[in-house]
Enquirer: 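The structure that follows is given in the form of structure tokens.
Since we're looking at a predicted model, the values are computed, not measured.
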Amino acid sequence: MGQPAERESGERATRGAADPQLPPGQRLQKGWPVTHYGPVPKFRPERWEFRVFGATADGEKHCWTHEEFTALPYTTVEADLHCVTKFSMVGAEWGGIPARTVVEIAPPAPDVTHVMVWAEYGFSSNLRLEDFTSDRTLFATHKDGELLTAEHGFPLRLIVPHLYAWKGPKWVRGVEYMTADRRGFWEERGYHNVGDPWREQRYSYQEEPGDGPEL
């Protein structure tokens with residue numbers, strides 16, 4: 001699958017030397033390795049809740065049960081997945097609920113610039129609002145027509161195809177709207193605040209002015 005001629009904000013049409021489909025420093029991966037930090041959470045549908053909170057337009061918290069959330073309009077996106085550990089899985093079909101749908105139902109306040117995506121065990125990842133609202137950002141429930149396995153994020157994981165995969169947490173439980181940026185779990189531990197694989201933004205020491213939260 002080739003890259004589009006016009007990439008979204010933050011993406012550059014840089015090509016890897018070994019494979020024209022891949023960002024620099026990446027290698028083609030057959031299959032889908034399991035990579036995560038900590039244990040795999042047990043899914044309890046009766047307790048599961050998806051929340052949108054923080055700086056919402058109406059000042060209220062918005063919640064869905066698992067049944068309600070998975071009943072939202074479903075779509076598919078064909079997209080690659082680039083892991084910061086340097087493997088890339090190409091041409092996967094992801095199915096789920098567009099992030100834009102969530103934003104339309106529970107809109108942010110006008111001064112929101114970033115979101116924090118929250119997952120099980122307090123895991124988090126921050127995103128610029130423009131990345132979160134990309135038409136290819138998806139709360140995935142399926143891959144290649146099949147439900148995600150628990151190891152790969154069932155019941156819900158975020159897919160942000162134009163950023164490194166750590167920006168799309170597994171086992172997502174909610175989104176916090178923010179009027180200023182702050183670092184998430186891996187960003188606090190030395191990973192790049194933006195995470196564009198085409199610019200090979202892997203680590204925080206590579207950040208330039210404007211890439212991270214103001215001190």
Side-chain angles (χ1 to χ4, degrees), residues 8-12 23 35-39 41 48-64 69 81-85 97-140 153 156-215:
E8 296 186 46
S9 175
E11 286 186 284
R12 296 289 177 84
T35 58
H36 60 261
Y37 178 84
W48 193 92
E49 180 183 71
F50 184 92
R51 299 182 299 150
V52 174
F53 61 102
T56 58
D58 60 7
E60 301 293 328
K61 180 174 72 172
H62 300 260
C63 301
W64 291 264
F69 192 83
L81 184 147
H82 305 298
C83 183
V84 73
T85 60
I97 296 88
R100 278 188 176 178
T101 298
V102 174
V103 170
E104 290 168 0
I105 297 172
D111 54 347
V112 166
T113 58
H114 293 77
V115 303
M116 188 72 77
V117 180
W118 290 96
E120 297 282 1
Y121 305 129
F123 182 86
S124 60
S125 187
N126 60 318
L127 292 164
R128 299 172 297 189
L129 186 61
E130 66 201 67
D131 293 318
F132 183 67
T133 56
S134 163
D135 59 6
R136 290 166 59 77
T137 299
L138 191 73
F139 287 104
L156 197 68
R157 72 176 292 161
L158 187 67
I159 297 297
V160 190
H162 62 283
L163 299 180
Y164 281 119
W166 92 78
K167 285 293 188 177
K170 301 179 183 181
W171 313 302
V172 172
R173 296 296 300 273
V175 174
E176 177 187 1
Y177 292 147
M178 305 189 298
T179 58
D181 193 13
R182 69 177 192 269
R183 297 179 189 271
F185 181 89
W186 287 116
E187 294 79 15
E188 288 182 334
R189 289 160 175 80
Y191 281 81
H192 198 284
N193 197 58
V194 177
D196 184 342
W198 297 94
R199 295 180 176 177
E200 208 166 0
Q201 294 175 332
R202 299 179 190 273
Y203 305 112
S204 59
Y205 71 81
Q206 300 170 298
E207 290 176 8
E208 298 177 357
D211 286 341
E214 294 182 7
L215 298 177

Enquirer: Would you compute the distance between atom CG of Leu163 and atom CZ of Phe132 and round it to the nearest 0.5 angstrom?
Expert: 12.5 Å
Enquirer: Any heavy-atom pair between the side chains of Trp166 and Glu187 that's under 4.5 Å?
Expert: yes
Enquirer: For the residue pair Asn193 and Glu207, what are the closest heavy atoms and their distance?
Expert: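 Smallest heavy-atom distance, with atoms named: N-OE2, 2.8 Å.
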Enquirer: Is there side-chain contact between Glu200 and Pro23, with heavy atoms separated by less than 4.5 Å?
Expert: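 A side-chain contact is absent here, since even the closest heavy-atom pair is not under 4.5 Å.
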Enquirer: If you define the side chain from C-beta out and look only at heavy atoms, does anything of Asp135 sit under 4.5 Å from Pro98?
Expert: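 Asp135 does not reach Pro98 side chain to side chain.
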Enquirer: Looking at Ala55 and Val112, what are the two nearest heavy atoms and their distance?
Expert: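 Heavy atoms of Ala55 and Val112 come nearest at O-CG2, 3.3 Å.
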Enquirer: Among Leu138, Val175, Val117, exactly one meets side-chain contact (heavy atoms from CB on, under 4.5 Å) together with Leu158. Which residue is that?
Expert: Val117
Enquirer: Show the nearest heavy-atom pair for residues Ala106 and Val52, with the distance to one decimal.
Expert: CB-CG1, 4.0 Å
Enquirer: Do NZ/NE/NH1/NH2 and the carboxylate oxygens of Glu49 and Lys61 come within less than 4.0 Å?
Expert: no
Enquirer: Of all heavy-atom pairs between Gly153 and Lys170, which one has the smallest distance, and what is that distance?
Expert: CA-CB, 3.7 Å
Enquirer: So His62 and Thr56, do their side chains get closer than 4.5 Å, heavy atoms only?
Expert: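 Yes, their side chains come closer than 4.5 Å.
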Enquirer: I need the Thr133 OG1 to Arg128 CZ distance, nearest 0.5 Å.
Expert: 10.5 Å
Enquirer: Going by heavy atoms in the side chains, are Arg182 and Glu176 under 4.5 Å from each other?
Expert: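 Yes, close enough: below the 4.5 Å cut-off.
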Enquirer: Between His114 and Leu129, is there a side-chain heavy-atom distance shorter than 4.5 Å?
Expert: no
Enquirer: Nearest 0.5 angstrom please: His192 NE2 to Tyr205 OH, how far?
Expert: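 Going from the NE2 atom of His192 to the OH atom of Tyr205 covers 10.0 Å.
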Enquirer: For residues Gly184 and Asn126, report the shortest heavy-atom separation together with the two atoms involved.
Expert: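 Result for this residue pair: N-OD1, 3.3 Å.
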Enquirer: Hey, can you tell me if Tyr191 and Trp186 have their rings parallel, tilted or perpendicular (30° and 60° cut-offs)?
Expert: perpendicular
Enquirer: Could you tell me how the ring of Phe185 sits relative to the ring of Phe123: parallel (under 30°), tilted (30 to 60°) or perpendicular (over 60°)?
Expert: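 Geometry flag for Phe123 against Phe185: tilted rings.
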Enquirer: Quick one: closest heavy-atom pair of Trp64 and Trp48, and the distance?
Expert: O-CZ3, 4.2 Å
Enquirer: Do Ser134 and Val160 come close enough that some side-chain heavy atom pair is under 4.5 Å?
Expert: no
Enquirer: Return the NE2 to CH2 distance between His82 and Trp198, rounded to the nearest 0.5 Å.
Expert: 5.5 Å
Enquirer: Is a donor on one side and an acceptor on the other found under 3.5 Å between the side chain of Thr137 and the backbone of Asp131?
Expert: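 Pair found, side chain donor or acceptor close to backbone of Asp131.
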Enquirer: Are side-chain heavy atoms of Trp171 and Arg173 found at a separation under 4.5 Å?
Expert: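 No - every pair of side-chain heavy atoms lies 4.5 Å or more apart.
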